[in-house]
Structures are given as structure tokens and as C-alpha cells.
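Please read these numbers as outputs of a predicted model, since none were measured by experiment.
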Protein chains: 2
Amino acid sequence: MLSDRHTDVTDAEHSPIRCQAVNDILARVGDKWSMQVVMSLSAGPMRFNELRRAIDGISQRMLTRTLRALERDGLVDREVTPSVPPRVDYSLTMLGRSLREPVAALGVWAMENRSHIDSARARFDAEE
Amino acid sequence: MLSDRHTDVTDAEHSPIRCQAVNDILARVGDKWSMQVVMSLSAGPMRFNELRRAIDGISQRMLTRTLRALERDGLVDREVTPSVPPRVDYSLTMLGRSLREPVAALGVWAMENRSHIDSARARFDAEE
DNA sequence: CAGGATCCAGCTAGATACTG
DNA sequence: CAGTATCTAGCTGGATCCTG
């Protein structure tokens with residue numbers, strides 16, 4: 001952790017086009033709920049209210065919007081069973097599943113460096 | 001790409017605590033400018049207006065705010081040379097440099113799957 | 001059950017003007 | 001040069017009510 005070898009993995013690829021792509025994905029993934037939905041669907045298909053209960057604090061409106069956006073981008077599949085009452089199952093597409101890997105890498109970094117960030121914040125805030 | 005091996009890298013770690021950490025980092029990194037600043041500083045230290053020119057479209061206010069936030073979290077170092085005119089150099093800390101690796105992984109995913117996302121969007125939007 | 005439709009508070013980020 | 005201060009449009013997201 002915090003390895004400072006100067007073999008730069010990123011410098012070579014720092015082209016405007018690639019950065020545009022990174023920013024698009026970060027915007028897609030960096031919102032409040034998208035990744036929580038994706039992570040919840042990791043275990044398998046879930047229904048709407050099942051997701052609602054699984055994700056603490058999400059409103060029905062935000063769950064709907066988030067699912068629609070993920071579906072639009074081909075990350076989530078929506079399967080409607082026209083019964084009474086209606087049944088809708090959400091699941092990750094292959095694309096959606098493949099996204100979990102880089103996001104998990106970010107998660108590992110987050111866990112490993114959380115303490116560094118917290119202490120840096122405390123230090124910064126201390127010097128008023 | 002799009003490998004669907006069911007060895008789940010993420011399921012095992014899908015604990016609330018880890019997800020909280022991921023969300024914090026995504027919020028930190030998922031905003032409009034932070035990663036552009038980090039990527040720009042990859043090449044080496046830069047001064048304020050140098051960064052301003054390097055990052056297309058960023059306002060002076062947003063650059064200030066983004067740099068302060070990154071400094072607070074210990075990702076960026078701010079070095080002031082009290083001269084006239086003043087000189088301030090910004091550089092990545094070790095923590096900041098270490099972040100580039102997982103973000104680059106996300107960048108690779110973005111580049112590899114951009115076309116899938118674009119066509120998924122087109123398909124979704126086509127059905128009224 | 002699975003949403004759609006409204007309304008609204010709060011935050012984000014841009015524009016502009018000014019300063020040590 | 002490197003900011004701070006102010007004002008504001010627009011977006012994000014929550015609460016609430018309604019429906020097939």
C-alpha cells in the first residue's frame with residue numbers, strides 16, 4: 001500500500017479521449033445510489049421492493065430513476081412478469097457484472113487508505 | 001472483456017462497512033473535476049494557473065475548491081513560496097499517486113466498454 | 001406490487017467582480 | 001499570480017400523493 005514505484009501506470013494513457021471516458025464512467029458510477037444497486041444485485045435477481053428494503057435510505061423515486069439509468073446503459077436487465085399483482089425482476093447484465101471488478105479495486109483502495117484520509121482530514125481541519 | 005466467470009470477486013466483500021467506504025471514495029472521486037486534477041498532476045508539480053490552463057473548462061473557483069478538497073484528504077500537497085508575485089505549487093502525495101491505479105483500472109473498463117454502453121443507450125432511447 | 005406525477009429544499013458549479 | 005466574495009441558474013434527491 002502506498003507503493004511509490006515510479007513506473008507510471010497512468011501517464012502513458014493520459015489522453016483527452018481516455019480521460020473523457022473515465023469521467024463519463026465516474027459520472028455514471030459516482031452518484032449516490034448506482035453502485036449500491038449494482039452491489040445488491042450481485043447476489044442475484046431481485047424485485048423492486050426487495051431492493052428498496054435492501055438499500056437503506058433509498059426513496060422509491062430514486063430507486064426507480066437509478067434502475068432506469070442502469071437499464072439504459074445496459075448494466076441492468078428488467079424483466080416484467082405481467083401478473084396481478086405485477087412482478088418485475090432486476091438483474092445484472094454481463095456488462096453490469098464486469099463493472100464490479102474495477103469498482104471492487106476502488107473498494108480495496110478505499111478500505112486500505114481510509115485511515116490515511118481520515119487522519120489527513122483531521123490534521124487539515126485542526127489548522128482551522 | 002465481459003468475462004462472466006462466476007468466481008465473484010465482490011460478493012465476499014459486500015459488507016455494509018466496505019460499501020460505506022466505497023461510497024465515500026466514489027463521492028470523493030466521482031465529482032466533475034477531482035480526477036482531472038489528479039491526472040494532470042500525474043506528470044509532476046504544477047502551479048495554479050498552469051492547472052487552470054491544462055484542465056479545459058474549469059473555472060477558477062472550482063479549481064480552488066477541488067484543490068482544497070484534495071489537499072484536505074491528503075491526496076494533494078500545496079507548497080507556497082512567499083514571493084512577489086506569489087508562487088504556489090501543487091503536487092500529488094504518495095496517497096494521491098496510489099489512487100491513480102484503481103482509477104486507471106476503471107478507465108480501462110470505460111475504454112473497453114464504451115461502445116457497449118453507447119449502443120445500449122441508443123437501443124433504449126429508440127424504444128420511445 | 002411497481003411505479004408515475006408533483007412539489008420543493010439544498011447543494012453544485014458557473015459568472016463576475018475584487019484583493020494581497 | 002493566486003486566490004476570496006457574492007450572486008444565481010440548474011440539477012439532485014427527498015417527501016408526498018396517486019394509479020393500473
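- Take the nearest nucleotide of DNA chain D for A/Gly57 and for B/Arg53: the residue whose nucleotide is more 5' is B/Arg53.
- Within residues 58-70 of chain B, the residues having any heavy atom closer than 4.0 Å to DNA chain D are, in order of number, B/Gln60, B/Arg61, B/Thr64, B/Arg68.
- For A/Arg47 and C/dC1, the shortest distance from a side-chain N or O to OP1 or OP2 is not below 4.0 Å.
- Residues B/Gln36 and B/Asp56 have side chains not in contact (no heavy-atom distance under 4.5 Å, counting atoms from C-beta outward).
- Summarising the geometry, the separation between CD1 on B/Ile55 and P on C/dA13 is reported as 14 Å, rounded to the nearest angstrom.
- Rounded to whole Å, atom P of C/dA13 lies 12 Å from atom CG of A/Asn23.
- Straight-line distance from the NZ atom of A/Lys32 to the C1' atom of D/dG13: 7 Å, rounded to whole Å.
- Of the options B/Glu71, B/Glu50, B/Arg47, B/Arg78, a side chain to side chain donor-acceptor pair (under 3.5 Å) to B/Tyr90 is made by B/Arg78 and by none of the others.
- Distance A/Asp31 CG to C/dT12 P: 14 Å, rounded to the nearest Å.
- A distance-only check finds a donor-acceptor pair linking the side chain of B/Thr93 to the backbone of B/Gly74 [under 3.5 Å].
- A chain of hydrophobic side-chain contacts below 4.5 Å, direct or via other Ile, Leu, Val, Met, Phe, Trp or Tyr residues, connects A/Leu67 to A/Val80.
- Checking C/dA2, D/dA2, C/dG14 against the side-chain heavy atoms of B/Trp33 singles out C/dG14 as nearest.
- B/Arg121 pairs by the salt bridge (charged side-chain N to carboxylate O under 4.0 Å, His left out) definition with A/Asp73, not counting sequence neighbours.
- Nearest heavy-atom pair across B/Met46 and B/Ser40 is SD-O, 3.5 Å.
- With rounding to whole Å, B/Glu50 atom CD is found 13 Å from D/dA2 atom C1'.
- Put simply, the side chain of A/Leu99 reaches to within 4.5 Å of the side chain of B/Leu106, judged on heavy atoms.
- Only at 4.0 angstrom or more do the heavy atoms of residues 77-85 of chain A sit from any atom of DNA chain D, so none qualifies.
- B/Lys32 has its side chain out of reach of A/Asn23: every pair of non-hydrogen atoms, C-beta onward, lies at least 4.5 Å apart.
- The phosphate of D/dC1 (OP1 or OP2) has no side-chain N or O of B/Tyr90 nearer than 4.0 angstrom.
- We find that CG of A/Asp89 is positioned 13 Å from P of C/dC1, with the value rounded to whole Å.
- Using a 4.5 Å cut-off on side-chain heavy atoms (C-beta onward), A/Val29 and A/Ser34 make no contact.
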